[in-house]
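Index from 1, following the sequence. As a basis for the values below, the full set of heavy atoms in this structure was taken, side chains included, without hydrogen atoms, waters or symmetry mates.
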Amino acid sequence: MKLYHKLLSVSLTLFLLLSLSACGRSAEVPDQSPAPSEAAAPEPDQSGGPEEVPVEPAVFRAAALKGPTAMGMVRMMAADGLDQFTLAGSADEVTPALIKGDLDVACVPANLASVLYNKTEGGIVCLAVNTLGVLYIVEKGDTVQTVEDLRGRTIVSAGKGATPEYGLRYLLAQNGIDPDQDVTIDWKSEHAECVAAMAAGTADIAMLPQPFVTAAQGKIEDLRTALDLTAEWDALDNGSAMITGVAVARRAFVEEHPELAERFLEEYAASVSWVNANPAEAGALIAEYGIVESAALAEKALPQCNIVCLTGQEMYDKLSGYLQILSETAPESVGGRLPRDDFFYGAA
């Protein structure tokens, strides 16, 4: 019996020493391994294999503008949670956060990406083209069949000093129309004003992007899509494409977390593919997140929104040509000079 008590005493002493040692290690390195606990034992592995410790995945902080540039990202928002995504009404809400490092990735107008590259002295890289042309000429009537039919007319539009203006001026000039002499462009502060002018009968022709075209057609009887400016651009066969938006990232983010940049592109490509293949389901999510006012509108507009995810060499070929044309037309539109090749992520 005395021997039993002695063994018990030694066992208890060893147990206390081991417990104190374990607690000391836990205090020094809290994240290495959990200390043993009698109150909460680990649950057995149901699969029969070795138990895996869950790891919280790193995330990227992304932003997009309400409209087509965010519509293609909606599956990512649903899968990863809105806490890491920011939806904005204008690029002015996004660019300061990107420059300061409060965002990792942002979907912005294509020419603005070049401006940011120059402003940050190469601190921004372009990951993908996410939206091709979304601009259309609409009219109440049936008088515009070609670009030439715009000669002598008044066009209401928003987007002065941005992609809409540069694209329209280029297309007019390429079709022999002086944008300063042969047409009148009535610039509004936002697209909703253009729709209101058409509805009130104070304007007959407007340049609108999707999904505003579809929204306007639901409110204005006999509003017709007269010209697809993306098709008009393609008809010039100038080696470029009309591009609305791109996804950019901070160079520091890409260099420090290359695996996250690749993960973003993989998830983005999958989201774009799903959105284009499932307009009804995508439309419901787009409306739920407030990107477009209704699911029916989003579903109807999606086929005309030209949502893509072009990366690597294909991105380089189309975007570099587009920026070259903008630079020749209005150098300030790209920040005064074209970006170098290191702007195009993943291009050969």
(message) In the structure I gave you, are the side-chain heavy atoms of V156 and M207 within less than 4.5 Å of one another anywhere?
(response) no
(request) Hey, could you give me the CZ/OG1 distance between R250 and T120, rounded to the nearest 0.5 Å? (result) 11.0 Å
(request) Kindly say whether A269 contributes a backbone atom to a donor-acceptor pair with the side chain of S273 at under 3.5 angstrom? (result) no
(message) When you compare the side chain of C305 with that of T131, does any pair of heavy atoms fall below 4.5 Å?
(response) no
(request) Hey, could you give me the CG/OG1 distance between L227 and T146, rounded to the nearest 0.5 Å? (result) 7.0 Å
(message) Tell me whether N118 contacts the main-chain N or O of V115 through its side chain, where contact means a donor paired with an acceptor under 3.5 Å.
(response) no
(message) On a heavy-atom basis, which atom in P68 and which in Q210 lie closest, and how many Å separate them?
(response) CG-O, 3.3 Å
(request) Keeping the roles fixed (side chain from D104, backbone from R61), state whether a donor-acceptor pair exists under 3.5 Å. (result) yes
(message) Can you give me the closest heavy-atom contact between K188 and C194, atom names plus distance?
(response) CG-SG, 3.8 Å
(request) State, with a plain yes or no, whether a side-chain heavy atom of Y322 is found less than 4.5 Å away from one of T163. (result) yes
(message) Looking only at the side chains, is there a donor atom on one of R153 and T143 sitting less than 3.5 Å from an acceptor on the other?
(response) yes
(message) Between E267 and R263, does any side-chain N to carboxylate O distance fall below 4.0 Å?
(response) yes
(message) For Y170 and N175: C-alpha separation, side-chain torsions, deciding distance, then whether side-chain hydrogen bond (donor to acceptor under 3.5 Å, both in side chains) applies.
(response) CA-CA 9 Å; Y170 175 74; N175 283 272; over 6 Å; no
(message) Restricting to non-hydrogen atoms, name the atom on L116 and the atom on T95 that form the minimum distance, rounded to 0.1 Å.
(response) CD1-CG2, 3.8 Å
(message) Tell me whether T86 contacts the main-chain N or O of A63 through its side chain, where contact means a donor paired with an acceptor under 3.5 Å.
(response) no
(request) Measure from the side-chain N and O atoms of T184 to the backbone N and O of T154, and report whether any donor-acceptor pair falls under 3.5 Å. (result) no
(request) Hey, could you give me the CE/OG distance between M71 and S271, rounded to the nearest 0.5 Å? (result) 11.5 Å
(request) Please check if atom CD in Q145 has more than 12 non-hydrogen atoms from other residues, nucleotides or ligands closer than 6.0 Å. (result) yes
(message) Is there a side-chain contact between V308 and N130 in this structure, where contact means two heavy atoms from C-beta onward sitting under 4.5 Å apart?
(response) no
(request) Answer yes or no: is there a donor N or O on one side and an acceptor on the other, between the side chain of E121 and the main chain of Y117, under 3.5 Å? (result) no
(message) Contact between L302 and I286 at the side-chain level, heavy atoms closer than 4.5 Å - yes or no?
(response) yes
(request) For the residue pair S294 and E299, confirm or rule out a side-chain donor-acceptor distance under 3.5 Å. (result) no
(message) I want to check something: taking the side chain as every heavy atom from C-beta on, are F344 and L319 in contact at a cut-off of under 4.5 Å?
(response) yes
(request) Can you see which heavy atom on M198 is nearest to which on E139, and at what distance? (result) CE-CA, 4.1 Å
(request) For the pair D92 and S90, evaluate side-chain hydrogen bond (donor to acceptor under 3.5 Å, both in side chains) and give the outcome as yes or no after the intermediate values. (result) CA-CA 5 Å; D92 292 340; S90 71; 4.7 Å; no
(message) Are more than 12 heavy atoms, taken from residues, nucleotides or ligands other than K140, located less than 6.0 Å from that residue's NZ atom?
(response) yes
(request) List the steps and the verdict of side-chain hydrogen bond (donor to acceptor under 3.5 Å, both in side chains) for S157 and E165. (result) CA-CA 8 Å; S157 179; E165 178 184 12; over 6 Å; no
(message) So, taking the atom named CG in L112 and the one named SG in C107, what distance separates them when rounded to the nearest 0.5 Å?
(response) 12.0 Å
(request) Could you tell me whether the side chain of I205 reaches within less than 4.5 Å of the side chain of I137, counting heavy atoms only? (result) yes
(message) For a 4.5 angstrom cut-off between non-hydrogen side-chain atoms, does L285 reach M77?
(response) no
(request) Could you tell me the separation between the CZ atom of R151 and the CD1 atom of I177, rounded to the nearest 0.5 Å? (result) 5.0 Å
(request) Look at the side chain of T69 and the backbone N and O of G245, then say whether any donor-acceptor pair between them is shorter than 3.5 Å. (result) no
(message) Using every non-hydrogen atom in the two residues, find where L229 and M242 come nearest and quote the distance to one decimal.
(response) O-SD, 3.7 Å
(message) Using the rule given for side-chain contact (heavy atoms from CB on, under 4.5 Å), can you reason through Y316 versus C126, listing the C-alpha separation, both sets of side-chain angles and the distance that settles it, and then say yes or no?
(response) CA-CA 9 Å; Y316 176 88; C126 185; over 6 Å; no
(message) For L127 versus A249, what's the shortest heavy-atom pair and its separation?
(response) CD1-CB, 3.8 Å
(request) Nearest 0.5 Å please: distance from the CG atom of L171 over to the CZ atom of R169. (result) 12.0 Å
(message) Please verify the inter-ring angle class for F264 with F60; under 30° counts as parallel, over 60° as perpendicular, anything in between as tilted.
(response) perpendicular
(request) Check the pair D228, Q304 against side-chain contact (heavy atoms from CB on, under 4.5 Å), reporting the backbone distance first and the verdict last. (result) CA-CA 10 Å; D228 177 348; Q304 287 79 46; over 6 Å; no
